[in-house]
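What follows is a set of notes on a single structure, which appears directly below.
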Amino acid sequence: MDVRAPKLKSAAKKKSEKTTGRPAEDQSHEWPRIGTVVGETSTGRYTFILKNLQGKLGDIVATRVEVPIATGGKKEVATVWGRITSIDRFNPFFPAEAAQELANENIKLLDTVLSGSRDHLEAEVLILGTTFGDDPGAAQLSPLTYPVKPSAEVLYPPADDVRRLLTGEDDKKTPPPPKLSIGSLIARSDVPVSLSARDIVSRHLAILAMTGGGKTVAARRIIRELIELAYPLVIFDPHGDYLGFFEKRALFPKSRVRVLFPSIRVRQDNLGVISDLIDKMGKKLTDAQQQFYYYLLSNTSATDGQKAVEYIQRLIDHADNIAAKKRKKDDHIADELADTRSGTMNAVKRSLEFVRDNLRQMESNNARLRSQSRFKEYTFEEMPDPSDAPDEIVAPGTVSIFYLAGYDHLNQSAIVSIVLEALFAHRSTLSGVIPPFQAVIEEAHNFIPSRQEGTDETPSLPTIRKVITEGRKFGTGLVLISQRPSRLDETTLAQCNSFLVLRLVNPRDKSFVRSVMENLSESDANILQAFGRGQGIVSGQAVRFPLLVQVKFDADLVSEAIGDEDFITEARAWKPDPQRKANAEIFKRNMNKDTQKARSDENERTTNDRRNARKRPSRRGGIKPDF
Amino acid sequence: MHSIGCLLRSQKDSGGIRKDVAKSGDIRERIEARISQGEFLASMLFVAGKQSEEVQDSFVANLSKIATSVRELLENNNLLEKLPYRPASYWPSVKGKTFAFIDGGVANIDLPSAAPIGIRVGSYIVRPGDESERRERFNIELQLVDDLYSASGFLYDDDFLDIAKLRDAARMVSEVAAAYRLAALSGDEQLDAVVLHGPLINPVAPYGLEDFPAFSVSACRKLLNDETWNGEERERQFVSIYLEVLERLRSTGTPVVGAVERSIGRDPVFTRRILDRLQKSKVLKEKDAKKLEDAIIAYGLNDASLLDVVLAEDEYVTPIPVMRQGPENKWPEEWKRKIREYPDALTTYIKPSALVMPFRVEAFEGISDFASVLELILHTSRLLPSYGFPVGLDIVDKFAKVPSWMSRSVKGQHQVVLLKKALESGDPRTVAFAKRVLAARGRDWLFRPSV
């Protein structure tokens, strides 16, 4: 591209010198021209005819427009920055009729006299804002106040200028504000993209993408950058996607990475959550049973820090005790239980036993997962009590990863609720025990489900809602990650000030994302499904304007223990336990005869019984089913 | 080129009458299909207005008789040819050849009492099978803009009232001039065929009027692609310069054809020429020829509509020379000698697919391998099966068309020049006239009666 755009007007140059205090750099006059503005323009968008192969979707382009300034009749040249949001391509010289004939006759266009070279490219540009003078990194990107001129040239700014545009004033500050580098522009790998760390840690971020869209890769990238900043992190990890940080902790010598397994403990301040959890986990209780359950709760004292299973056991014992008294007609029974029947008590007891067994089962599931050979290098620690020892979870340079695998959604949600509630309480009461921190919640749709998903069963929803609303004041930031955005609670998600949306195909998810992200244009929403792995759109306060990004993939963070399981190979290599097989053989060999004999005797007896039964007259006097 | 005349005749000899029945059945089917598409409406109305009731009643039967007679005459005299449509083998066979398609665009500038002319001739040169960037080239070969108010007079030397005639003459000559520029290319650039949109040889008599202006020297130099040319006024007249360009074009030896998209008029020139030829060679009686010609005329059939039902898919009439200049008695006396020098157009009608009307193709007599060019015409037409016209011409037509915005700006320029000239004259009446002309409406605030 050798065509050069004309120089800026000297007035604009002088103005720039005046405002920035340094000579205006005349770099912009060398920006290559890539097209010409056509058709109707507005202050929000314009279209231009693009030169063949000179620009692509997502490119940041610029054009110039004279805008009137306040002092009567004067004007100033503004650089209008925009992003190409769509490109239409058509060839007016290639009739559809000919295409049909080529297909029918199986002939190549190139072999005929048809024309395939006169493509007409019409690109639509979303205007991002304007800068005055030559400095794209002006403090404020102002809105365009006067439409772009049809016939104006469209320019392709070099990487350096685009980078300065993206970072704004930041480069000029000493020291520069902290940034989280996430990758580069999709269209231009030479332009790095970073997020404002301050906005992420205080104003929350949502990472949304379908499975395989690269949300874990993006989250890892952001977490890594936060680790580099020694920012305290708490990660709730239902599948172990982030355990790699522990495995690769050598990469972060200044940080402490811990993997914690959950342990639900009872405290007076979370008794509500626990009792609710027991209630929801257990069987459906009748009013009378519910009354007895509440009686048990209020009359069974809990020791702070006691494990939930033990507490439930105490409730069971208590219920047993009362039932026994009832049987013995003991007079020492409480008055409110005078009318409670033994059956009611037993039902509550059975429900509690069910919950206890369930909890034990989940604890053992988690333990079994942790003891897998692939985790042999891992040191899982039991999670510290978030109320009593929050500083063991949140500390500068500390990453606490809660490995929640093995627990069902309800329990995972209760764990998140208990931990987050306790940590947030410390922050919001300004106890001074823990520093500000960032919580990362993977599979967020399980923790903040929408109303349709049954929100009343999710203890973490009110907690997260509270944190997301008030967290900014108390230095508690959230990163919500989900593959099913439409299943998320809209109110909670809308509180996120920044979004990183990667590939989304489901139409409901796409329209939901559009409804939540105010500044996502229709054409941006339409390209969500076309994104490749790790490609997405980032918007919100963490960036100056919405950008299409290619998230950098951290290959060095990929865990060797956690990866895509290869079940095909596993199934092929799988062999039954020889000991188990041998034991089964013993039984087959020795017990088979007797068993068979016993079975034939039994069969005979049953047949006779049936025959006899048929002979017996019906109690109802021979009423037969009417077929 | 495959002649099916003999084949058809031998079939007829052996098969007897049944074949004829089958053929006339085909023709009748074609007629009925065309009637259902509304094709013969004009002819039917023509017959309804002029002929007897009996003729009207048996329109289809009579039309069928005429068409069958024409077809059999063509078959019987080896005047019917068939081209095989075989795209899969044809296109690879022309790999590396270069074909040019040419069309002219006229700016639609409508100004009362002013006659600006804007013409541009575009070319589309394509080399099938070439994968390089030079596979296809679009170019504006010629641009002619006449400014009536310029002292030099760019295109024409003088004013003339019939603007449409001036425009037509300029368009015709500039199209063949563009063809000449391309046909004259040699070496790597040499073309294998040039296809013009429109007739190759047009009737010139209507432009030989006494006061028809001559082209300016600079316009002629441009047309002849010859900066040294310096002709007298008579040589610069349309009748002379057009012939000069045609002769130069013919002498290049490059096969050049004109494809005529639409047939206008009711005169079956081509069919009459065939009958004349047969009659001259004494193979057709004069009275039979006359009878058939009268019937064709009575039914208001022109060549395209008649041959539409006569020809089957992929068929064409053996090309015959047709004198395009009309009856000599209508020629202007002072140009008779010149008009006699005009070459005949080797003419055929080709029907590229069953769905479409045949169209006329013209070449110079002595064109080398006309059959190959017709094969190109057929294959390029079949790329637009329901339009049935060479796609290269469709492409260049779109390319050369003068967009309305361009016409508007030319009009604007002319208005400015006109007003400027009027103002310079200092004569209030001229200024008032200029204003009236520009506004083109009688009642406007500009024309409020002055005190």
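Naming convention: chains lettered A, B, ... in sequence-line order (proteins, then strands); numbering from 1 in each chain.
Interface remark: of the candidates B:P87, B:P390, B:A88, B:P87 forms the most heavy-atom pairs closer than 4.5 Å to chain A. Contact count against chain A (heavy-atom pairs under 4.5 Å) is highest for B:G129 among B:P92, B:G392, B:G129. The choice from B:V396, B:T380, B:D397, B:V126 that makes the most heavy-atom pairs within less than 4.5 Å of chain A is B:V126.
Within the 6.0 Å centre-distance limit, the rings of B:F389 and B:H197 are counted as a close aromatic pair.
A search for side-chain contact (heavy atoms from CB on, under 4.5 Å) contacts involving A:R45 returns A:S42, A:T85, A:E124, A:L126, A:S521, not counting sequence neighbours. Every residue meeting the side-chain contact (heavy atoms from CB on, under 4.5 Å) condition with A:D111, not counting sequence neighbours, appears here in chain and number order: A:K108, B:W91.
Closest approach of A:T79 to A:R64, counting heavy atoms only: OG1-NE, 3.2 Å.
Between the side chain of B:S132 and the main chain of B:D130, no donor-acceptor pair closer than 3.5 Å is present.
Contacts from residues 113-122 of chain A to chain B, taken as heavy-atom pairs separated by less than 4.5 Å, involve A:V113, A:L114, A:S115, A:G116, A:S117, A:R118 in sequence order.
Screening residues 384-394 of chain B for side chain to side chain donor-acceptor pair (under 3.5 Å) gives A:E97-B:S386, B:E261-B:Y387, B:D394-B:K398 as the qualifying pairs, with residues at least two apart or on separate chains.
Proximity of A:I527 to A:L548: side-chain heavy atoms (C-beta onward) are separated by under 4.5 Å at one or more points.
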- salt bridge (Lys or Arg N to Asp or Glu O under 4.0 Å) between B:E131 and B:K95, worked out: CA-CA 10 Å; B:E131 291 183 18; B:K95 185 175 177 174; 5.6 Å; no

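Residue A:L102 touches chain B through its side chain alone, counting heavy-atom pairs closer than 4.5 Å.
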